[in-house]
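Just so it is clear, the model here is predicted, and its values are computed rather than measured. Reminder, nothing fancy here: chain letters follow the sequence lines and each chain counts from 1.
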Number of protein chains: 2
Amino acid sequence: MAKPSFREQVLQAREDAIVASVNRLLAEKGFDLMTVDEVVADVGIAKASLYKHFDSKEALAAAAMVRVLDRALAELAQIRAQDLSPLDSLKAVARWTMRQQLAGEMPSLPAQNSSLRQALISDKAYMDRLMQLSDELGAWITAALAQGSLRSALPPELVLYTLFARACDPVLGMLRLSGQYSDEQIIELLLQTCFDGLAQPVANAKPRR
Amino acid sequence: MAKPSFREQVLQAREDAIVASVNRLLAEKGFDLMTVDEVVADVGIAKASLYKHFDSKEALAAAAMVRVLDRALAELAQIRAQDLSPLDSLKAVARWTMRQQLAGEMPSLPAQNSSLRQALISDKAYMDRLMQLSDELGAWITAALAQGSLRSALPPELVLYTLFARACDPVLGMLRLSGQYSDEQIIELLLQTCFDGLAQPVANAKPRR
DNA sequence: GTCTATACGCAGATAGAC
DNA sequence: GTCTATCTGCGTATAGAC
């Protein structure tokens, strides 16, 4: 460990290349349709070599998710440094996740896939980051609720789940397919529907039922 | 056509049983995780028999989707008979689709699965119903926009896509897992976030003319 | 650690008797 | 049309040489 051997750096770089490919393929096709053969073809290594770095296909996905969560946590720090209101901070996060999705950087994992899900919740690196992310978002959410900038009738976990769900909202892709809007237009439209709703608010009445 | 023989009715009933099982399994596990072996085990027939009725796994999913779309079209007729406002009609549709999802009646098909998607868009029965559904919803959407009850800045197709997307919103399942809310409470919460947004509207920034 | 070659299992689909 | 038994391809994972 005296010298950070050059060889180790090369290996680390290779693992990074693998995870980058996995991330892209996960965003394109999702976990089920992504095959390990595609990954090794993309990276340009043999399949057995990949399995020297990662134990399973699920471990590949977990590594990709850790990478995304790390980037998300870094983004949260950036946003916090801007000293926005809690509500605007949440909007900034949502905007960032939508940009990630449109840029093909957001892996899409089947929500209820049991094999992958088990692997993820058993992965400490993944769960730690997920918890931290939830905590930091939760702080903004409760602060926004206290300020009255989020609807007081909404439970905090509903807001949290909704933010996570909008990070992989298929409406983004559908709107892009229509070809009529720029990526930034799409993002602003979806931000508005997420935070302000589809309906035009009426002057002095709460919506009933 | 001559009278439908009793034998044909039995066969039809068997196909209905198959599609019902497929529908349930699709709602539970999604297309990828549903296996044909599970379907035949659930129905209680041999696999070769199933393939006498349906050409492929994709054809099974298409039949299930046709069934769902037919139920949706029937529901639309019900709603139209109530003579609600366009906005309330759209809300009623959203409420119905959420109920279907919580009841385990809404198949979840991976949005960008190419093999299945190709099969679906090649299926005339499916596409016909999808078009009709889109048309009928589109009429309500444009009417609501004309009345000013939907945000005028929103493109009609965004509203349509959003309604489709919310029919399989994973937030429903996440909230149910928390165990704190009844199904109807969950539906009303999500209806509100969909149509009125997460944010509390500010008091006097919404002049209505 | 990297490679070629291969084992293994699973899931979709079919053959052929009845 | 229904069954049992089988074929086939593919995708994950591993053996063994270098």
| Worked verdict on A:R24 versus A:E105 for salt bridge (Lys or Arg N to Asp or Glu O under 4.0 Å) | CA-CA 6 Å; A:R24 195 174 53 75; A:E105 297 282 352; over 6 Å; no
| message | With a 4.0 Å limit, can you tell me whether B:R14 has a side-chain N or O closer than that to the phosphate oxygens OP1/OP2 of D:dT2? | response | yes
| Take atom CG in B:D55; do more than 12 heavy atoms of anything else shown fall under 6.0 Å from it? | no
| said: Set out, in order, the CA-CA distance, both residues' side-chain angles and the distance that settles side-chain contact (heavy atoms from CB on, under 4.5 Å) for B:F164 and B:L130, then state yes or no. | reply: CA-CA 11 Å; B:F164 279 130; B:L130 186 63; 4.2 Å; yes
| note | Note: contacts of residues 19-42 of chain B with DNA chain D (heavy atom, under 4.0 Å) are none
| said: Set out, in order, the CA-CA distance, both residues' side-chain angles and the distance that settles side chain to side chain donor-acceptor pair (under 3.5 Å) for A:D16 and A:Q12, then state yes or no. | reply: CA-CA 6 Å; A:D16 288 346; A:Q12 183 59 43; 3.2 Å; yes
| query | Roughly how far, to the nearest 0.5 Å, is OG of A:S178 from CG of B:L158? | reply | 9.5 Å
| query | Quick one: does NZ or CZ of B:R80 land under 6.0 Å from the six-membered ring centre of B:W140, within 45 degrees of the ring axis? | reply | yes
| For the pair made of CD in A:E15 and C1' in C:dG1, what is the distance, rounded to whole Å? | 12 Å
| A:K57 side chain vs A:M34 backbone, donor-acceptor pair below 3.5 Å | yes
| message | Looking at B:E28, I want to see if its CD is surrounded by more than 12 non-hydrogen atoms of other residues, nucleotides or ligands under 6.0 Å. | response | yes
| request: Could you state the atom-to-atom distance from CG of A:L11 to P of C:dT2 in whole Å? | output: 6 Å
| field | Positions of residues 49-61 of chain B (non-hydrogen atom under 4.0 Å from DNA chain D), listed by number | value | B:S49, B:K52, B:H53
| field | Nucleotide-level pairing of DNA chain D, given in dot-bracket where Watson-Crick and G-U pairs need both distances under 3.5 Å and | marks other strands | value | ||||||||||||||||||
| said: Closer than 4.0 angstrom, basic N to acidic O: yes or no for A:D169 and A:R166? | reply: yes
| said: With heavy-atom distances below 4.5 Å as the criterion, would you say the side chains of B:Y126 and B:I121 are in contact? | reply: no
| Out of D:dT14, D:dG1, D:dT4, which has the shortest distance to the side chain of A:A48? | D:dT14
